[in-house]
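All chains are named by letter (A, B, ...) in the order of the sequence lines, taking the proteins before the strands, and each is independently numbered beginning at 1.
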There are 2 protein chains.
Amino acid sequence: MSPDDDEYIGYVLSDVARLIRTVFDRRVRDIGLTRAQWLVLTRLYRRPGASQTELADMLEVDRASAGRMIDRMEKNGWVERRSDDGDRRINRLYLTADARRAHKAMWSIAEATVDDALAPLSATERDQFTRLAARVKSQLQSMAGANGS
Amino acid sequence: MSPDDDEYIGYVLSDVARLIRTVFDRRVRDIGLTRAQWLVLTRLYRRPGASQTELADMLEVDRASAGRMIDRMEKNGWVERRSDDGDRRINRLYLTADARRAHKAMWSIAEATVDDALAPLSATERDQFTRLAARVKSQLQSMAGANGS
DNA sequence: TGAGGATTGTTGTCTAGGCTACATTAGCCC
DNA sequence: GGGCTAATGTAGCCTAGACAACAATCCTCA
């Protein structure tokens with residue numbers, strides 16, 4: 001493998017993720033949510049009342065990054081911060097009615113986007129691809145968790 | 001497939017790419033280049049004297065994004081802008097001696113990182129994974145090129 | 001009970017990328 | 001030549017994420 005090889009898996013994976021984000025964001029631009037924000041939405045839809053740290057864990061993202069995401073989404077009326085009785089450090093997060101309504105629309109766009117992206121693959125290949133990617137992901141998670149190097 | 005499924009391929013792929021970037025950047029932090037900057041380096045190593053637009057095309061990235069990347073790398077002494085004789089709009093890009101030296105080191109770190117990430121897969125599986133990802137990528141490229149939707 | 005350590009969220013500073021609008025410069029064609 | 005169009009790079013404004021440092025709060029244990 002050489003730096004000259006455009007098919008190097010490392011390149012390809014970053015590209016795939018960037019392209020998915022770009023395509024998805026373009027498709028849903030008129031709704032006013034981005035892909036990353038929609039991920040927040042799916043998480044809070046399932047677990048309303050989660051704290052910011054819990055949300056960050058679910059998204060596997062920095063606490064600070066999650067906090068800023070919530071800032072944006074709160075400003076735009078998608079998410080509400082409510083204080084926790086009993087622990088004044090915690091913000092409990094809830095979706096607004098608008099957000100709950102948008103959830104379904106966004107999900108079907110997301111599904112269609114991924115379906116389109118995977119269209120060239122057969123059902124079997126999709127399955128293989130998904131399973132292989134999941135294994136790579138969990139390997140990376142342990143590498144990232146192990147404090148680098 | 002439901003929003004509740006953490007193994008949804010759409011989630012997994014973004015996660016894989018983000019984790020690779022994080023792990024790689026952490027490993028090479030002391031060198032002073034990030035993964036994205038190292039990608040620039042590999043491209044200019046192969047094609048010294050490329051214009052900014054050509055570089056943007058090679059990276060499949062916005063012209064503006066590429067321009068800012070070059071700003072940062074020029075400031076840090078990795079890249080040089082030289083004006084073109086004959087077309088005053090164009091900046092021709094060249095690596096500095098430092099950058100050419102760093103190229104090899106970065107490449108082996110990149111290779112090791114990807115190798116580690118793919119470690120759980122057999123040789124055959126790696127191959128499958130790479131080929132499947134490449135097909136998904138080219139599908140996404142045509143989707144992104146086709147002006148969204 | 002009170003001191004020290006852990007947790008939670010925020011802020012600052014950085015890279016990275018996208019889109020739009022724009023000035024400059026080339027090229028082409030009348 | 002002169003005017004239109006295309007290409008090039010830049011700047012402004014936005015999201016997104018990482019890391020570090022910090023204040024407020026909570027918890028544990030001596």
Arg82(A) has an atom CZ; how far is it from atom C1' of dG9(C), in whole Å?
19 Å
Just call it for Arg81(B): base, sugar-phosphate, or nothing, with non-hydrogen atoms closer than 4.0 Å on any strand.
sugar-phosphate
Can any side-chain N or O of Ser51(B) pair as donor or acceptor with the backbone N or O of Ile90(B) at less than 3.5 Å?
no
According to a strict under-4.0 Å criterion, is Thr53(B) in side-chain N/O contact with OP1 or OP2 of dA7(D)?
no
Heteroatom pairs (N/O) under 3.5 angstrom, protein to nucleotides 11-15 of chain C:
residue : atom : partner  : partner atom : Å
dG12(C) : N7   : Arg68(A) : NH2          : 2.5
dG12(C) : O6   : Arg68(A) : NH1          : 2.9
dG12(C) : O6   : Arg68(A) : NH2          : 3.3

Please state how far atom CH2 in Trp38(A) lies from atom P in dT15(D), giving the value in whole angstrom units.
19 Å
To the nearest Å, give me how far apart CD1 (Ile20(A)) and C1' (dG17(C)) are.
16 Å
Can you measure Arg27(B) atom CZ to dA18(D) atom P for me and round it to whole angstrom units?
17 Å
Taking 4.0 angstrom as the limit, do Asp84(B) and Arg92(B) come out as a salt bridge?
yes
Using a cut-off of less than 4.0 Å, is there contact between a side-chain N or O of Gln52(B) and OP1 or OP2 of dA7(D)?
no
Geometric class of the Trp38(B)/Phe24(B) ring pair [parallel <30°, tilted 30-60°, perpendicular >60°]
tilted
So what does Ser65(B) touch, heavy atoms closer than 4.0 Å: a base, only the sugar-phosphate, or nothing?
base
Phe24(A) CZ to dG17(C) C1': how many Å, rounded?
17 Å
Smallest heavy-atom separation, Gly32(A) atom then Trp78(A) atom, equals O-NE1, 4.0 Å
Ranking dG17(C), dA18(D), dG9(D) by distance to the side chain of Val61(A), first place goes to dA18(D)
Between P of dA18(D) and CG of Leu59(A), the distance in whole Å
10 Å
Hey, which sits more toward the 5' end of DNA chain D by its nearest nucleotide, Arg89(A) or Arg63(A)?
Arg63(A)
Rounded distance (Å) that lies between atom P of dA26(C) and atom CD1 of Ile90(B):
9 Å
When the distance from CG of Asp84(A) to P of dC27(D) is rounded to whole Å, what number comes out?
10 Å
Taking only side-chain nitrogens and oxygens of Arg26(A), does any of them come within less than 4.0 Å of OP1 or OP2 of dC19(C)?
yes
I'd like to know if Arg68(B) and Asp71(B) make a salt bridge, using a cut-off of under 4.0 Å between side-chain N and carboxylate O.
no
Polar side-chain atom of Arg135(B) near backbone of Pro120(A) as donor-acceptor pair, under 3.5 Å
yes
More 5' along DNA chain D: Asp87(A) or Ser51(B), using each one's nearest nucleotide?
Ser51(B)
Could you tell me whether the side chain of Gln139(A) and the main chain of Leu118(B) form a donor-acceptor pair under 3.5 Å?
no
